[in-house]
Amino acid sequence: MVLSKRDYYEVLGVERQATDQQIKSAYRKLALKFHPDRNPGDTKAEEAFKEAAQAYAVLADEQKRGLYDRFGHAGVNAAGPGAGGFDPTIFRDFSDIFAGLGDTFGFGDLFGGRRRRGGPQRGSDLRYDLEISFDESAEGTETAIVVPREETCDTCTGTGASPGTTAETCGQCRGTGQLRYQQGFLTVARPCSTCRGTGKTIAKPCATCRGAGRISRARKLTVKIPAGIATGQQMRLTGEGEHGTAGGPPGDLYVVVHVPEHPFFHREEDDLYCELPIHFPTLALGGTVKVPTLKSREELHIPAGTQPGARFRLRGKGMPNVSGRGHGDLHVIARVAVPKKLTREQKHLLEELARTMPVQAEDGSGTEEKPFFERMKDMFT
Ligand SMILES: [Zn+2]
Ligand SMILES: [Zn+2]
């Protein structure tokens with residue numbers, strides 16, 4: 001008796017133009033649904049599982065798919081050993097098929113075995129990246145943030161069962177949440193896939209959370225940012241992470257602060273650095289300049305003969321310490337301000353000044369006067 005085979009595209013429930021990704025995802029769903037672990041002793045499920053695996057083996061292979069598209073089952077049945085029948089090689093990339101299932105179905109931890117059955121689990125920690133201005137980091141601020149997070153469903157109080165009904169003990173694992181099977185010499189325990197390791201099955205799932213017991217919600221929180229916080233520092237909001245399961249405690253929320261660079265101040269620890277352009281006469285003659293600080297302007301005395309690059313320290317005018325231990329310092333680095341335009345009078349005065357200045361070294365290394373002999377040599381070469 002020859003059984004007519006179902007069309008492979010029909011088996012996977014995809015269009016003939018389906019992409020590789022669509023084929024893979026359709027197969028994943030079927031493999032999960034009909035997996036022998038979930039349907040022990042069910043021969044129909046086993047057949048469906050094999051049929052899907054066979055269809056996938058052909059459609060996931062570019063060459064085989066091409067043959068199948070042109071010649072149908074005959075095209076791939078004659079394609080060598082294993083063709084036509086159930087191809088065990090498909091299981092080689094089975095782990096690949098199941099990798100990432102957690103992302104799709106929301107129970108990734110189960111396959112890794114991290115989440116233990118039923119018992120209370122602490123909710124995940126969350127991270128929130130918050131950008132604040134430089135001024136806000138200096139003064140401290142209070143800001144509202146909206147954090148999407150998983151919370152316990154209010155409708156079913158997290159049971160996942162429709163109100164008035166209860167979850168029942170899973171028949172597959174008899175409520176243990178684990179299935180044991182033999183692998184070589186080893187007995188391996190794996191979370192029960194029927195009940196997703198919870199030990200319970202839900203006949204009438206809660207309509208609000210579709211049986212998950214949890215729901216995604218955007219939660220608005222007010223965050224107090226202490227003065228002096230630096231970029232990359234984080235604050236922990238205890239208990240504001242995702243809700244735990246089965247009565248487990250919630251995770252924490254970490255707010256990671258980002259502060260953009262200030263155009264004038266550069267921060268190192270609690271100290272601030274800035275470069276201050278000062279007119280040449282002030283540097284040469286000495287005088288007083290005004291330095292912008294975080295809160296106001298401070299007067300700074302410049303001694304006569306100050307060189308560019310000279311540093312001055314204004315104590316306590318830096319950033320506040322985030323732990324409340326005073327303030328850092330402000331370091332002012334002297335630069336020369338060179339006017340781009342000169343009035344007639346300024347030009348005249350500068351020319352007069354220039355006439356009195358010693359000849360400058362050729363390499364531009366400064367205004368040191370060269371010895372007489374050197375200057376003579378320069379003049380005649
Ligand atoms: Zn619910
Ligand atoms: Zn179970």
Side-chain angles (χ1 to χ4, degrees), residues 28-46 48-49 52 94-95 97-124 126 146-183 186-220 239-251 253:
R28 269 183 184 179
K29 281 178 195 157
L30 291 172
L32 190 74
K33 186 175 169 192
F34 296 118
H35 196 280
D37 278 2
R38 299 185 81 174
N39 308 275
D42 183 342
T43 49
K44 272 191 182 166
E46 198 181 331
F49 182 73
F94 213 67
S95 57
I97 290 295
F98 278 115
L101 262 186
D103 313 334
T104 320
F105 293 87
F107 50 97
D109 290 351
L110 292 180
F111 285 92
R114 263 197 300 127
R115 191 177 293 175
R116 272 170 295 118
R117 65 185 166 96
Q121 291 294 312
R122 182 178 178 274
S124 307
L126 295 176
V146 177
V147 185
R149 68 178 186 189
E150 291 249 310
E151 295 187 357
T152 304
C153 172
D154 292 331
T155 313
C156 61
T157 63
T159 63
S162 181
T165 72
T166 48
E168 278 156 35
T169 303
C170 173
Q172 179 83 10
C173 59
R174 294 191 209 89
T176 63
Q178 287 190 333
L179 292 175
R180 293 175 178 279
Y181 63 99
Q182 203 75 21
Q183 193 177 66
L186 301 168
T187 303
V188 184
R190 183 161 93 176
C192 169
S193 50
T194 306
C195 60
R196 299 176 177 186
T198 60
K200 302 228 154 95
T201 51
I202 296 156
K204 261 189 88 180
C206 164
T208 312
C209 61
R210 295 205 204 92
R214 300 162 73 71
I215 201 152
S216 263
R217 204 170 275 161
R219 163 123 169 122
K220 197 173 167 186
E240 295 292 357
E242 300 205 328
H243 284 190
T245 52
L253 170 68

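Just so you know, ligand 1 is whichever comes first in the structure, and atom 1 is the first atom listed for that ligand. It should be emphasised that the depicted structure is a prediction, and the values quoted were computed from it without experimental measurement.
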Nearest non-hydrogen partners of E240 and L126, listed with the distance: O-CD1, 4.5 Å
C206 SG and C153 SG subtending at the Zn ion (ligand 1) (10° steps): 110°
Angular separation of C209 SG and C156 SG about the Zn ion (ligand 1), given to 10°: 110°
Main-chain N/O of D42 paired with N39 side-chain donor or acceptor, under 3.5 Å: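 No; judged by distance alone, with no hydrogens or angles, the pair does not exist.
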Under 3.5 Å donor-acceptor, R214 side chain and G244 backbone: yes
Distance-only check: which donor-acceptor pairs under 3.5 Å involve side-chain atoms of residues 202-211, not counting sequence neighbours?
residue: T208; atom: OG1; partner: T155; partner atom: OG1; Å: 2.7

Atoms of type N/O/S from protein, distance to the Zn ion (ligand 2) below 2.8 Å: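 Step by step: take the Zn ion (ligand 2), keep protein N, O, S below 2.8 Å, and you get 4.
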Inter-residue atom distance E168.CD - T201.OG1, 0.5 Å rounding: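 Separation between the atoms: 6.0 Å.
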Residue pair R122 / P249, side-chain heavy-atom distance below 4.5 Å: yes
R217, R149, E150 screened by side-chain contact (heavy atoms from CB on, under 4.5 Å) with H243, the one that passes: R149
